[in-house]
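Below: the structure, in structure tokens.
Letters A, B, ... mirror the listed sequences (proteins, then strands); counts begin at 1. Being a predicted model, the structure only gives us computed values, none of them experimental.
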Amino acid sequence: MSEDTGEKVVELAKRRGYFFRSSSAYGGVGGFYTFGPQGAALKGNVEEAWRDRFAVGEGHMEIDAPTIMPEPVFEASGHLDTFDDMLVECPDCGESSRADHVVEDNTEYEDAESLPIPEVEEIVAEYELSCPECGAPLAGAAIEEFNLMFETQVGPGDGQPGYLRPETAQGIFVEFPRLKEYARGQLPFGVTQVGRAYRNEISPRRSIIRTREFTQAELELFVDPEGDGPDLSAVEDVPVRLYPASEQQADEGDEVETTVGEAVADGTIADPWVAYFLGVAREWYESVGVDMDRFRFRQHLAGERAHYAADCWDAEGEVGGNWIELAGFAHRGDYDLSKHQAHSDERFTVFRQYDEPKTVERAEVDPDMSYLGPEFGGDAGDVVSGLEELAERDRAAFEDETVTVEVDGESHEIPVEKTGFAVEERTESGEHVVPHVIEPSFGVDRLVYTILEHAYREDEVDSEERTYLEVDPEVAPTFVGVFPLQSDAELESEAEGIAASLRAEGLSVTYDDSGAIGRRYRRQDEVGTPFCVTVDYESREDGAVTLRERDSTDQVRLPIDDLPGTLSALREGDLEFGELSG
RNA sequence: GCGCCGGUGGUCUAGUGGUAGGACCUGAGCCUUCCAAGCUCAUGGCCCGGGUUCAAAUCCCGGCCGGCGCACCA
């Protein structure tokens, strides 16, 4: 579709109540959009379809966590560090650069990101670092901090700092200890969440494609690191268009048409779980109306991958001539749970029982604190951890009279008899393992946009231009329009009665008796209403009405009594309009 | 955050230093037995603040918002 389709869709969205800029009465604020009546309904239907497939359909559980979480959560998750970008603006050419990168590239400092800003400014001055773009000196230029998380205060005064979650996932990870109890400690289990996330983007763009508040639908699947494979037979024949990293880097690289099964067999997709979800996702995207000719899976390049992801594929849709990310499928390993395990006192592990209990020899220490305490004072705790670690790693170290432990670069000699060193046989019935996480993460707003742009059509009916949205009946925000053929009290009341009965059936109905019939059809075409029912003068006599389909503008005559059942079947996809006899 | 361009009814758009016109939409009515027909009438607008000027929607500055490019996108 041409590039200005995007503009037409945005204009239509604004006019017909799909989405528009928020707070525009006050000048608006960048990166925030309101979904109007049609948009909210479409989005709700998309979310419901997602739940059907990824939560209910996979037998997973859905939760609903708060959008604000306390600071320690994000210390653990790594967001507090990695979300803080230090930008320095060149006084000469105006180019913004990552100050920490400039420092790391030109000095012996390795982790400049973790240094406080004044210190980085000093380093920049001291080393006379210059702008990577134009070479002008950066000394004296202010370093600004960009925190992509929205910060807030919980409680009055200087209450504890909290942050709006930058992804829904953390709400799941944080609650893992309780969720695993709910799952009775059995892997694999999946937890989903559909909700808002917030990022204070430097530059929100392109209507609802990149906003500061957006909706994610995420699934965190917790699997045993050894085992728990997916049932690939369910998706092995699903055709997929892949754009692997190797092809992206090749000179003449191209997308590859294959199937999930083949891609796993030939190693294109390394992880079977990721492959499984690519297959499920491709079928799901098609079912909600994404054009499969403008859809692909792209593998992340090595440098593009998040710090936690071993392998990652994105689902991409083409809109306005560009590919945008619709979903990410990442094998996150044990990154998230390990982080929380380390930062929190709770257990972010599950207990995996061995088939047979194992008898193992274990070297352990039971230090004599009445000796270590007085001897090492405040360092005693570190010494004990040193001993524990050493016993596990190197039993030979305890063979002499004394053992040497390094603590903070200092060597300490300890008599072995005071360490309580012993090698014992123990029976272990299992072990605590940190589950691995497979994360399919969907952006809902972008999907809504993609559905609209992929559904946008222009054609001619009786040599009159027509604009319509070919949205799938399953997600269409308004399902059926009901009209009297003309303004006539009897027809109107008949039509209103039908509208009421269809609403009672649970269908989303709009009633319209303004102007001419053709205008009303076009109005519904433009918002994407798939069907219209028209009551005419014969309806009284034959108890039938006209059902008109949006895409073809074809009409069939149906008994009024059949309407609820027929329309419900059309909605669910159990019936095609073409199967109805004219 | 930087650079370029832009901001006129609900939508699209014309326009000039002397406070604005069109089209579509919408509403009321007439007409109309299935696809934006016609006729009459009506509602509704110069992004915000400051400056220059007798006078600013128009010129200048700043802000806000948008599009594109750069940077960013864990």
Side-chain angles (χ1 to χ4, degrees), chain A residues 3-4 6-8 10-17 20-32 36 74 77-91 93-98 101 113 132-133 142 144-149 166-167 169-170 199-207 209-212 304-309 312 320 322 324-325 328 330 335 443 460-468 483-488 491 514-526 532-539 545-550 552-555 557:
Chain A
E3 295 198 7
D4 59 17
E7 285 172 32
K8 291 178 182 173
V10 170
E11 190 269 317
L12 190 156
K14 190 156 40 174
R15 204 159 34 77
R16 290 298 188 190
F20 42 83
R21 249 179 31 235
S22 293
S23 308
S24 64
Y26 293 93
V29 52
F32 293 92
F74 300 108
S77 71
H79 287 100
L80 219 48
D81 286 338
T82 56
F83 242 49
D84 254 355
D85 284 346
M86 287 182 237
L87 291 194
V88 60
E89 191 183 320
C90 173
C93 70
E95 197 68 29
S96 284
S97 308
R98 287 278 297 266
H101 290 176
E113 196 172 6
E133 282 301 309
E144 282 192 62
E145 189 172 325
F146 283 97
N147 192 330
L148 294 192
M149 281 196 292
E167 59 176 12
Q170 291 309 321
R199 297 178 192 182
N200 201 357
E201 294 283 355
I202 295 171
S203 177
R205 282 289 160 86
R206 304 183 61 194
S207 74
I209 291 173
R210 189 152 150 209
T211 56
R212 292 188 164 117
E304 187 179 4
R305 253 180 268 151
H307 46 287
Y308 51 75
C312 187
N322 297 307
I324 61 165
E325 177 187 345
Y335 178 84
E460 278 195 5
V461 174
D462 295 343
S463 68
E464 295 277 358
E465 278 182 24
R466 180 174 80 126
T467 298
Y468 66 107
F483 317 136
L485 182 60
Q486 285 174 16
S487 38
D488 174 288
L491 292 187
S514 76
I517 187 73
R519 180 181 295 272
R520 288 177 247 154
Y521 284 149
R522 296 305 164 84
R523 202 179 273 150
Q524 294 309 314
D525 286 344
E526 202 180 31
C532 291
V533 168
T534 300
V535 180
D536 59 35
Y537 291 100
E538 285 162 35
S539 299
V545 289
T546 302
L547 178 65
R548 178 237 193 213
E549 188 203 29
R550 171 197 64 205
S552 62
T553 75
D554 289 344
Q555 304 183 336
R557 202 146 173 93

Distance check, [atom1] atoms only: [N] and [M], in whole angstrom units.
N: B:rG38; M: B:rC25; atom1: P; value: 9 Å
N: B:rG44; M: B:rC4; atom1: P; value: 40 Å
N: B:rU52; M: B:rC59; atom1: C1'; value: 8 Å
N: B:rG15; M: B:rG67; atom1: P; value: 24 Å
N: B:rA42; M: B:rG6; atom1: C1'; value: 33 Å
N: B:rU11; M: B:rC46; atom1: C1'; value: 16 Å
N: B:rG22; M: B:rC39; atom1: P; value: 15 Å
N: B:rU58; M: B:rU19; atom1: P; value: 14 Å

Should [X] and [Y] count as side-chain neighbours, where that means a heavy-atom distance under 4.5 Å?
X: A:Leu491; Y: A:Tyr537; result: yes
X: A:Arg466; Y: A:Thr553; result: yes
X: A:Thr467; Y: A:Lys8; result: no
X: A:Arg199; Y: A:Pro204; result: no
X: A:Tyr521; Y: A:Val461; result: no

Next on the checklist: Counting distance alone, no hydrogens or angles: does the base of B:rU26 have a donor or acceptor under 3.5 Å from a partner atom on the side chain of A:Ser514?
Outcome noted: no
Checklist entry - Per the atom types in the model, does the base of B:rG66 pair as donor or acceptor with the side chain of A:Arg206 at under 3.5 Å? => result no
Next on the checklist: Mind checking if A:Ser24 touches a base, just sugar-phosphate, or nothing, with heavy atoms under 4.0 Å?
Outcome noted: nothing
Next on the checklist: Under 4.0 Å, counting only non-hydrogen atoms across every strand here, what does A:Gly328 touch: a base, just sugar-phosphate, or nothing?
Outcome noted: nothing
Taking any strand in view, what nucleotide pairs with [N] in a Watson-Crick or G-U wobble way, both distances under 3.5 Å?
N: B:rG9; result: none
N: B:rA14; result: none
N: B:rA20; result: none
N: B:rC2; result: B:rG69
N: B:rC39; result: B:rG29
N: B:rC46; result: none
N: B:rU52; result: none

Checklist entry - Do any N or O atoms from the side chain of A:Asp536 and from the backbone of A:Glu538 form a donor-acceptor pair under 3.5 angstrom? => result yes
Whole angstroms only, please: what is the [atom1]-[atom2] distance between [X] and [N]?
X: A:Lys14; N: B:rC24; atom1: NZ; atom2: C1'; value: 15 Å
X: A:Leu12; N: B:rC24; atom1: CG; atom2: C1'; value: 14 Å
X: A:Arg212; N: B:rC73; atom1: CZ; atom2: P; value: 15 Å
X: A:Lys8; N: B:rU11; atom1: NZ; atom2: P; value: 18 Å
X: A:Ile209; N: B:rG66; atom1: CD1; atom2: P; value: 14 Å
X: A:Asp488; N: B:rC30; atom1: CG; atom2: P; value: 13 Å
X: A:Phe20; N: B:rG7; atom1: CZ; atom2: C1'; value: 19 Å
X: A:Arg205; N: B:rC4; atom1: CZ; atom2: C1'; value: 12 Å

Checklist entry - Using a distance-only test with no angle check, is there a side-chain donor-acceptor pair under 3.5 angstrom linking A:Thr546 and A:Arg548? => result no
Item to check | Residue pair A:Ser514 / A:Arg523, side-chain donor-acceptor N/O under 3.5 Å | outcome: yes
Item to check | By salt bridge (charged side-chain N to carboxylate O under 4.0 Å, His left out) - contacts of A:Glu11 (at least two apart) | outcome: A:Arg15
Checklist outcome for this item: Counting primed atoms, P, OP1 and OP2 as sugar-phosphate and everything else as base, the B/S/- map of nucleotides 33-49 of chain B against protein heavy atoms under 4.0 Å is BBBBS------------
Item to check | Nearest-nucleotide 5' precedence on RNA chain B, A:Pro204 against A:Glu11 | outcome: A:Glu11
Item to check | A:Arg210, nearest nucleotide to its side chain (from B:rC73, B:rG27, B:rU11) | outcome: B:rC73
